[in-house]
Structures are given as C-alpha cells and as structure tokens.
Amino acid sequence: MIRLQLPGGAEVEAQEGVSIREALADIPGIKKAVAAKVDGTVVDLSRTLTGDTDVIAVEPVMPGTDEALEVLRHTTAHVMAQAVARHFGMENVEFAIGPTIADGFYYDFDLPRSLTDDDLPAIEKIMEQIKRENLPIVRKEATDRNGALAIIRSYRAKSAFKQELIAGFPDGEAVSFYGQGEFTDLCRGPHLPATGKLAFFKLLSVAGAYWRGDEKREQLQRIYGTAFFDKKALKTLLHRREEAAKRDHRKVGPRLGLFRSLPEAPGFPLWLPHGTVIVNQLLAYMREKLERRAYQEIRTPHIMIDDLWKQSGHYDHYKDNMYFTEIEGRSFAVKPMNCPGAALAYKQGLRSYRELPLRLGEFGLCHRFERSGTLHGLTRVRSFVQDDAHIFCAAADLQGEILALIDLAHEVYREIGFGAPRMVLSTRPEDRTGSDEMWDHSEGELREALAKAGTDYTVNPGDGAFYGPKIDFMVTDAIGREHQLCTIQVDFSLPEKFDLVYAADDGERKRPVVIHRAILGSIERFVGLLIEQFSGAFPLWLAPEQVAVLPVSEDRHADAAGNVLQELRQAGLRAHVDWPGNKLGKKIREATLKKIPYLLVIGDREAESGTAAVRRRDGTDCGVLELGEMLRLLREERDTRSLTALLGATTTDDR
RNA sequence: GCUGCCGUAGCUCAGUGGUAGAGCACCUCCUUGGUAAGGAGGAGGUCAUGGGUUCAAGUCCCAUCGGCAGCUCCA
C-alpha cells in the first residue's frame with residue numbers, strides 16, 4: 001500500500017501499481033481532472049504509482065488552472081497533427097514539433113504542398129471527428145535512444161526530424177511516446193486521457209517556418225491554433241485579437257493622419273503633420289531630460305567615408321545592413337548607428353578627467369537595410385531617429401551612470417504612461433572582445449546597479465554584444481509582439497578602436513569606457529507603440545489637435561468662436577474652429593473620431609457670457625466653463641504632461 | 001530573403017469570363033442648427049505593374065512590385 005496526500009492534507013491509501021485515476025476515484029469532481037501533479041510534476045492520470053517514499057503528494061489538475069490549459073492545448077496540437085495526417089494521408093506528412101505557446105499552440109509539418117487558409121476548416125472538421133471517436137491516449141516508453149529510434153522507425157516511414165530530435169537527447173534516459181488511434185508522436189507529455197476530452201478549439205492561421213528556426217534548413221508548414229476548456233474564454237481570446245487589431249498602429253496611424261507607408265519608400269515612413277507634432281513633442285520632452293541630467297547635444301554627419309566604418313568595425317560586422325554611395329570615386333556609407341560620429345566628437349581636443357562623465361546626446365537619423373519580409377509599420381523600419389547618447393566615463397563611474405540611466409528610463413516610461421517594461425541583462429557571449437577582468441567588472445556593475453534600482457530583471461547569459469554587456473527594456477505591442485525600447489550597452493571596444501583617451505588626475509593618458517544608450521529607442525517604433533497604448537487618444541501634451549472649437553451656428557457665433565480660438569492659440573494650444581455648415585451633432589462626431597481631447601461648443605449662451613461648453617472625446621460633459629479658468633486648466637494639463645484629463649476630472653478619460 | 005494570403009475611387013470594401021459598383025471623405029447648392037452622421041446634386045478608377053490564355057480578363061495563368069501573417073536577421 002502507498003499513502004497519498006491530497007491538497008488540504010487528507011490522505012488516501014492505494015494499491016501499488018494502480019493508476020492515479022483509480023487511486024483518486026472517490027474524490028468528488030475527479031471526473032473533470034485532466035492530469036495530476038505528483039510531487040509538483042504534472043503527469044498523466046494513467047500514470048501508475050509506485051511507493052518508494054512514505055507519502056506521495058498528489059493533486060488533481062483541474063480545468064481552470066494554467067497546467068490544465070497547457071495539457072489541453074498540447075493534446076489539441078496532437079489531434080491537429082493527426083487530423084493533418086488524415087487530410088493529406090499519413091505517408092505524405094512528416095511531423096516536426098508542436099509545442100504550446102502563450103495563447104495556444106502550433107505544429108510544424110513537412111507537406112507535399114503548401115497550406116492555405118482554406119485547409120483550416122477541413123482540418124478542424126477532422127479534429128471534431130477524432131474528438132467524437134474518443135480514442136484513448138496511450139503513453140509508451142523506450143528506455144534509451146536506440147529503443148526510441150526503433151519505435152519511431154516502426155510506426156512511420158518518414159521521421160528524419162524526430163530522429164534528429166532523439167539523437168539530441170541525453171542517452172540512457174527514457175523517451176516517451178503518445179499514441180491515439182493510428183497516430184503516435186514523440187512527446188514528453190502529459191496528455192488528456194482520451195481525444196473525447198478535447199474542449200473548444202480554433203485553428204487561427206497558417207505560416208511558413210523553418211526546421212529549428214534555421215533558414216538554411218527545411219521550410220515547413222506551420223498551423224497556429226488555440227484551445228480552451230471554456231467556450232467563453234475562447235470567444236474572449238478571439239475578441240481580444242480583434243480588439244488588438246483595431247488599435248494596430250498601422251491602421252490607426254494613417255487614419256488619424258499621423259504617418260503613411262509608401263510603396264515608393266518601403267520601410268521609410270512618411271510623417272504627416274499630425275505625426276510630426278507627436279515626434280517633435282517627444283524630442284522636446286527628451287531634450288528637457290537631457291538638460292536636467294547634464295547632457296550635451298551633438299549632430300554627427302549622416303554620410304562618412306568607408307574608412308571610418310572599417311575602423312569602427314561596422315564594415316566587418318554590419319556591412320550587409322548598410323547603405324553605400326559613391327561620390328568622386330570614393331565610397332561613403334550612410335550611418336546605421338551614431339557611435340563613430342560620437343567617438344569623433346569626443347576626440348576633438350584632449351579630454352580631461354574633469355570633463356568626465358561626458359554625456360553626448362544625439363537625436364540621430366540612422367539608416368539600416370532590413371529585409372523586405374521583416375518590415376512592419378513603424379516598429380520595423382529602414383530609417384529611424386534614435387534618442388541616442390554616448391557616455392564617456394572612467395570605469396569607476398560605470399555603476400553610477402548605469403543606475404542614473406535605469407532611473408531615467410523608468411521615469412520616462414512612467415511619465416509617458418507606458419506599462420512597466422520587462423528588463424533583461426545580457427552577459428558575455430563566447431565570441432567577444434576585452435579581457436575577462438573588464439567583463440567581470442562591468443557585468444558586476446550592471447548587476448549592482450539593477451539591484452540598487454530595486455527592479456526585477458531576467459538574465460540572458462551569452463546574449464551580450466561582443467563589445468560589452470547590456471540591459472534591454474522590452475515592451476509588448478497590441479498584437480503581442482515584444483519590442484526593445486531602451487538599451488543600455490557597455491562598450492570597451494569603441495574607445496580602443498578610436499584610440500580615445502583622457503588625461504587622468506595624475507597626468508597619465510587613460511582609456512574611457514563608453515556607454516551607448518537610447519531611452520525611447522527608435523522614435524518611430526516608440527510612436528507606433530504609443531499609438532497602440534493610447535488607441536490614438538493621446539494625452540493632451542502629445543495630441544496633434546488639442547482643442548476643437550465648435551460654433552453652434554456658423555453666422556451668429558463666428559466672432560465668439562474666433563475669439564476663443566485666438567485665446568487658445570495665444571496660450572500655445574493646438575486648436576482649430578470647425579466651420580463647415582454641419583449640424584453640431586456631426587461636428588462632435590467628427591472631432592470625437594479624430595480623438596481630439598477637448599471640444600468647445602460655442603452658442604448663444606456661451607457667446608454672451610464669455611464661456612464655453614466643454615465636452616471630452618470620451619463623451620463626458622464637463623459643463624460650462626469660464627474661458628480664463630478653462631485656459632488655466634488646459635495649460636496645467638499640458639504643462640504637467642498629465643495622463644488624465646483635468647477638465648471634468650470627476651471621471652477618468654477613456655484612453 | 002523564404003512559405004502562404006492579399007492588392008478594385010482618397011479611405012473601407014462588393015463585384016467567379018460579357019458595358020466598373022456601394023458607403024464614407026471631397027466639390028457645389030439648399031438647410032443656420034445645442035452635444036456622435038440634415039438633404040440634393042457632382043466629380044473621382046489604365047481594377048498595383050508587365051506579359052500570357054481567350055472572340056472577350058478586374059475575374060484564369062506567369063513574372064515583378066507593394067502590403068499582411070509567420071519564419072529568419074538585428075555586430
């Protein structure tokens with residue numbers, strides 16, 4: 001007999017060798033269990049229990065938990081693979097991998113032809129059929145790699161991918177397989193007990209993918225899908241995807257007249273007047289930050305001779321992403337990064353230790369060739385402005401500077417209204433420059449700065465640049481893609497390459513360390529993410545049009561509207577009067593769709609009393625305000641870069 | 001770059017081989033109005049580009065360009 005301890009402390013006894021399902025048969029509601037957790041590991045319900053310890057902690061995994069969802073999706077992926085095999089014929093399909101991902105799962109196949117969206121309903125139908133067949137899902141185990149290879153060869157003609165996977169497993173360890181009906185797959189498990197336990201699923205899209213993500217390897221066909229126990233949860237996800245698509249900056253940006261992507265300039269966005277306002281506001285904001293933190297701003301040449309790029313190392317490492325041009329027989333490159341220019345700026349004169357840390361900021365326009373398939377709205381472009389800076393400092397200053405940068409980044413994201421980004425520390429890669437002492441020192445300083453900043457972060461070992469470790473700040477966009485914003489990179493290499501020195505307090509020439517950093521990253525990408533963050537309804541200070549003045553009657557209220565407009569403009573607010581001969585309802589509708597923060601209605605009452613009836617873009621009626629008071633509030637909301645509306649502040653603005 | 005899908009008016013889209021359409025936007029006129037669409041009329045397209053099949057191509061085929069999803073890349 002073995003004793004099982006259930007969550008809550010109750011114990012049951014079971015015969016050795018019985019399955020978990022049998023052992024727990026008397027627990028109420030156990031029929032809904034999809035798997036079980038034994039000593040914290042999720043396993044199949046059919047797993048048999050052996051008693052080498054006194055008491056085994058067993059917990060049924062019930063729908064509603066993350067573990068259960070993972071099992072469901074994994075099994076759904078397998079059933080999809082089985083359906084694909086039936087759709088194309090088992091002998092025509094080779095299976096690659098089929099993991100679960102954040103919102104569902106995918107499976108990669110090698111197929112006789114490419115999949116199209118039209119295949120999905122047919123495959124879904126076969127999946128429903130397999131669900132109805134309620135095939136038991138059976139686990140098989142091979143004791144080692146050879147046994148596993150024997151199994152895989154016995155059940156399928158083509159299995160090169162699976163064999164490659166098995167060959168990569170540590171030898172001597174058991175390898176498990178899961179089978180249902182005519183289908184068996186190499187798999188770690190666990191799985192649902194039978195295909196009839198499948199719940200609600202939906203196949204979402206087809207895509208190309210490479211075996212092991214390597215474009216030199218086989219091109220495979222991938223199907224993305226998702227599954228839930230709860231029909232409503234599935235609907236919610238599908239709905240969320242639609243909502244996310246609605247705030248996609250590639251839709252919203254052009255509609256609000258912020259930017260356009262042109263066939264004439266793929267990857268080089270065109271900024272329209274309204275988008276340019278936002279860019280300029282962000283730059284002005286960052287310039288304020290630079291002034292307060294003792295930066296100096298520079299502007300470096302956009303085009304410089306090849307020799308410079310050879311010296312910097314870009315020619316060797318980054319040439320494929322650079323644009324070149326030839327003038328008078330000499331070859332020049334368009335800058336993909338600002339660092340060489342900053343190094344040249346540093347070198348103008350002998351620097352003293354008294355000047356360090358020397359912080360040189362640059363809103364540098366960079367051009368990088370990106371392959372056509374990688375371009376994406378504003379988040380992946382071929383030309384962009386970086387809010388870049390290079391901090392030249394002594395090694396001893398490193399930690400303080402890094403800490404100040406982490407602080408600056410958090411301050412900026414908080415003030416602009418971004419969610420907390422995910423922070424990642426990347427440490428020394430195999431292929432690197434600089435001594436181990438330098439790496440030890442700088443990695444240590446980064447860790448300590450992160451600890452002092454008191455923020456959570458993860459570590460990507462070996463993912464640093466070859467010239468130094470770095471800290472990246474990542475945010476997720478409306479459609480779930482993660483993007484890098486801030487990057488803080490230590491560089492020992494650039495000062496060497498450009499022979500940068502400073503005169504130390506003892507008169508010796510010493511080598512400074514460089515920190516590259518960008519807070520917003522690419523302004524283009526940042527605006528793209530902002531558009532999605534605010535769904536186009538920007539805070540007052542960023543809004544391209546801040547106030548719309550709407551006269552009730554074109555004739556009678558022209559003067560009063562004109563006066564209000566004058567006052568608004570005097571206060572430096574971006575305002576206009578909506579003149580056309582439309583009814584008030586229509587003017588309100590149009591201004592609202594343009595996401596203009598405040599609408600001022602001017603009619604007889606307001607014209608007489610020197611007031612305006614204020615309405616917000618979310619529909620809130622802010623009542624009638626005296627003009628002076630209204631201007632005061634508008635100025636305050638703008639000047640403090642408030643994220644919430646100050647007029648009619650009893651409710652929150654719908655952003 | 002690779003695989004798949006898509007490209008029709010400024011925008012959103014309909015149009016399965018037989019005379020290019022709708023809504024919004026735009027222009028003109030009427031309407032002068034009180035919190036999310038007043039009315040009438042007008043103008044606007046080499047159906048992405050180039051080739052092919054056909055008596056006939058927006059529609060079928062091929063190529064190119066661009067967009068989208070994914071892969072990949074981002075010293």
Side-chain angles (χ1 to χ4, degrees), chain A residues 106 108 110-111 113-120 204-224 245 248 250-251 254-255 257 260-267 309 312-322 336-337 339 368-377 380 382 429 431-433 464-468 470 472 479 481 483-484 487 489 491 493-494 516 522 550-558 580-594 599-606 613-622 624:
Chain A
Y106 68 81
D108 288 344
D110 189 13
L111 297 171
R113 65 169 173 83
S114 293
L115 289 166
T116 73
D117 289 333
D118 300 334
D119 290 310
L120 296 183
L204 298 172
S205 59
V206 299
Y210 296 96
W211 171 238
R212 302 203 141 172
D214 182 348
E215 67 179 305
K216 294 189 182 67
R217 303 290 307 264
E218 296 83 343
Q219 170 107 39
L220 306 171
Q221 300 292 314
R222 174 173 298 181
I223 302 178
Y224 284 94
D248 191 323
R250 293 166 302 176
K251 289 272 178 200
R255 193 168 64 232
R260 308 283 309 218
S261 304
L262 305 178
E264 292 86 346
W309 302 103
S312 70
H314 287 85
Y315 208 83
D316 289 338
H317 295 287
Y318 206 66
K319 193 175 175 212
D320 291 345
N321 288 78
M322 291 168 64
M337 298 180 196
C339 1
R368 298 180 187 176
F369 169 73
E370 302 282 357
R371 296 194 291 177
S372 57
T374 66
L375 300 175
H376 184 90
R380 177 64 87 181
R382 286 171 172 158
D431 190 13
R432 62 178 181 264
T433 181
F466 80 89
Y467 49 75
K470 60 174 182 174
D472 291 325
I479 55 176
R481 297 186 191 208
H483 300 279
Q484 178 195 299
T487 183
Q489 309 188 349
D491 189 341
S493 172
L494 188 76
H516 309 253
S522 138
L550 314 180
V552 172
S553 159
E554 199 168 330
D555 301 337
R556 295 223 305 277
H557 310 128
N582 285 320
K583 295 181 78 167
L584 184 61
K586 172 123 177 173
K587 292 178 182 176
I588 286 175
R589 177 181 158 80
E590 286 181 354
T592 304
L593 290 175
K594 283 196 236 169
L599 317 182
L600 308 187
V601 176
I602 309 292
D604 286 339
R605 296 193 293 272
E606 292 78 12
V614 183
R615 180 188 162 110
R616 288 203 313 238
R617 59 187 157 197
D618 64 354
T620 305
D621 182 356
C622 307
V624 176

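The structure presented is a predicted model; accordingly, all values stated were derived computationally and were not measured. Every chain is numbered from 1 and lettered A, B, ... according to where its sequence line falls, protein lines coming before strand lines.
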Rounded to whole Å, please give me the gap between [atom1] in [X] and [atom2] in [N].
X        : N     : atom1 : atom2 : result
A/His376 : B/G70 : NE2   : C1'   : 12 Å
A/Asp108 : B/G70 : CG    : P     : 14 Å
A/Arg222 : B/U3  : CZ    : P     : 16 Å
A/Ile223 : B/A69 : CD1   : C1'   : 14 Å

Item checked: Worked check of side-chain contact (heavy atoms from CB on, under 4.5 Å) between A/Asp119 and A/Val206 -> CA-CA 9 Å; A/Asp119 290 310; A/Val206 299; 5.8 Å; no
Sticking with atom [atom1], work out how far [N] lies from [M], rounded to a whole angstrom.
N     : M     : atom1 : answer
B/A48 : B/U59 : C1'   : 16 Å
B/G44 : B/C5  : C1'   : 30 Å
B/A20 : B/U46 : P     : 13 Å
B/G42 : B/C24 : P     : 15 Å
B/U54 : B/G18 : C1'   : 12 Å
B/U31 : B/A40 : C1'   : 11 Å
B/G66 : B/G50 : C1'   : 15 Å
B/U12 : B/U32 : C1'   : 32 Å

Below 4.0 Å: OP1/OP2 of [N] and any side-chain N or O of [X]:
X        : N     : answer
A/Arg255 : B/A25 : no
A/Ser114 : B/U3  : no
A/Arg250 : B/G67 : no

What is the pairing partner of [N], taking Watson-Crick or G-U wobble pairs with both distances under 3.5 Å in any strand?
N     : value
B/U28 : B/A40
B/G17 : none
B/G66 : B/C6
B/C60 : B/G52
B/C71 : B/G1

Next item on the list: Applying ring pair (Phe, Tyr, Trp, His ring centres under 6.0 Å), run through A/Tyr467 and A/His516 and close with a yes or a no.
Entry: CA-CA 11 Å; A/Tyr467 49 75; A/His516 309 253; 5.6 Å; yes
Notebook entry, point to check: Taking the side chain of A/Glu554 as its heavy atoms from C-beta onward, which of B/G66, B/G33, B/U3 lies nearest to it?
Noted result: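 It is B/G33.
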At what distance, to the nearest 0.5 angstrom, does [atom1] of [X] lie from [atom2] of [Y]?
X        : Y        : atom1 : atom2 : value
A/Leu115 : A/Arg222 : CG    : CZ    : 12.5 Å
A/Asp472 : A/His483 : CG    : NE2   : 14.0 Å
A/Arg556 : A/Asp604 : CZ    : CG    : 4.5 Å
A/Arg371 : A/Glu215 : CZ    : CD    : 4.5 Å

So do [Y] and [X] actually touch side chain to side chain, heavy atoms under 4.5 Å?
X        : Y        : value
A/Pro336 : A/Asn321 : no
A/Val624 : A/Glu606 : yes
A/Arg250 : A/His376 : yes

Next item on the list: With heavy atoms under 4.0 Å as the rule, sort A/Glu264 into base, sugar-phosphate or nothing.
Entry: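 Touches nothing.
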Next item on the list: Would you indicate what A/Tyr224 reaches in the nucleic acid, counting non-hydrogen atoms under 4.0 angstrom: base, sugar-phosphate, or nothing?
Entry: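 It contacts sugar-phosphate atoms only.
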Notebook entry, point to check: Once each nucleotide of nucleotides 7-13 of chain B is scored for protein heavy atoms under 4.0 Å, what B/S/- sequence comes out, 5' to 3'?
Noted result: ----S--
Check: Quick one: what's the B/S/- string for nucleotides 34-45 of chain B, heavy-atom cutoff under 4.0 Å, read 5' to 3'?
Finding: BBBBS-------
Atom pairs under 3.5 Å, N or O on each side, protein against nucleotides 72-75 of chain B: can you list them with distances?
{"from": "B/U72", "atom 1": "O2'", "to": "A/Glu215", "atom 2": "OE2", "distance (Å)": "2.7"}
{"from": "B/U72", "atom 1": "O2", "to": "A/Arg371", "atom 2": "NH2", "distance (Å)": "2.8"}
{"from": "B/C74", "atom 1": "O2", "to": "A/Arg380", "atom 2": "NH1", "distance (Å)": "3.2"}
{"from": "B/C74", "atom 1": "O2", "to": "A/Arg380", "atom 2": "NH2", "distance (Å)": "3.2"}
{"from": "B/C74", "atom 1": "N3", "to": "A/Arg380", "atom 2": "NH2", "distance (Å)": "3.3"}
{"from": "B/A75", "atom 1": "N6", "to": "A/His314", "atom 2": "NE2", "distance (Å)": "3.2"}

Notebook entry, point to check: If you find the nucleotide of RNA chain B closest to A/Ala207 and the one closest to A/Pro551, which residue's nucleotide is nearer the 5' end?
Noted result: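 Here A/Pro551 is the residue nearer the 5' end.
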Check: Mapping A/Thr116 and A/Ser261 to their closest nucleotides on RNA chain B, which lands nearer the 5' end?
Finding: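 Mapping each residue to its closest nucleotide by heavy atoms, the 5'-most match is A/Thr116.
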Item checked: Pair A/Lys594-A/Arg617, side-chain contact (heavy atoms from CB on, under 4.5 Å): steps then yes or no -> CA-CA 9 Å; A/Lys594 283 196 236 169; A/Arg617 59 187 157 197; over 6 Å; no
Note to self: How close do A/Phe466 and A/Pro429 get, counting heavy atoms only, and between which atoms?
What the structure shows: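 Closest heavy-atom pair between A/Phe466 and A/Pro429: CA-CG, 4.0 Å.
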Item checked: Candidates A/Ile588, A/Leu600, A/Ile602 - the one meeting side chain to side chain contact (heavy atoms under 4.5 Å, CB included) with A/Leu550 ->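 Passing option: A/Ile588.
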Margin query: Using a 3.5 Å distance criterion without hydrogens, assess whether the side chain of A/Lys587 forms a donor-acceptor pair with backbone atoms of A/Pro551.
Written below: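 Between the backbone of A/Pro551 and the side chain of A/Lys587 there is a qualifying donor-acceptor contact (under 3.5 Å).
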Check: Between A/Arg382 (side chain) and A/Glu370 (backbone), is there a donor-acceptor pair under 3.5 Å?
Finding: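 Pair found, side chain donor or acceptor close to backbone of A/Glu370.
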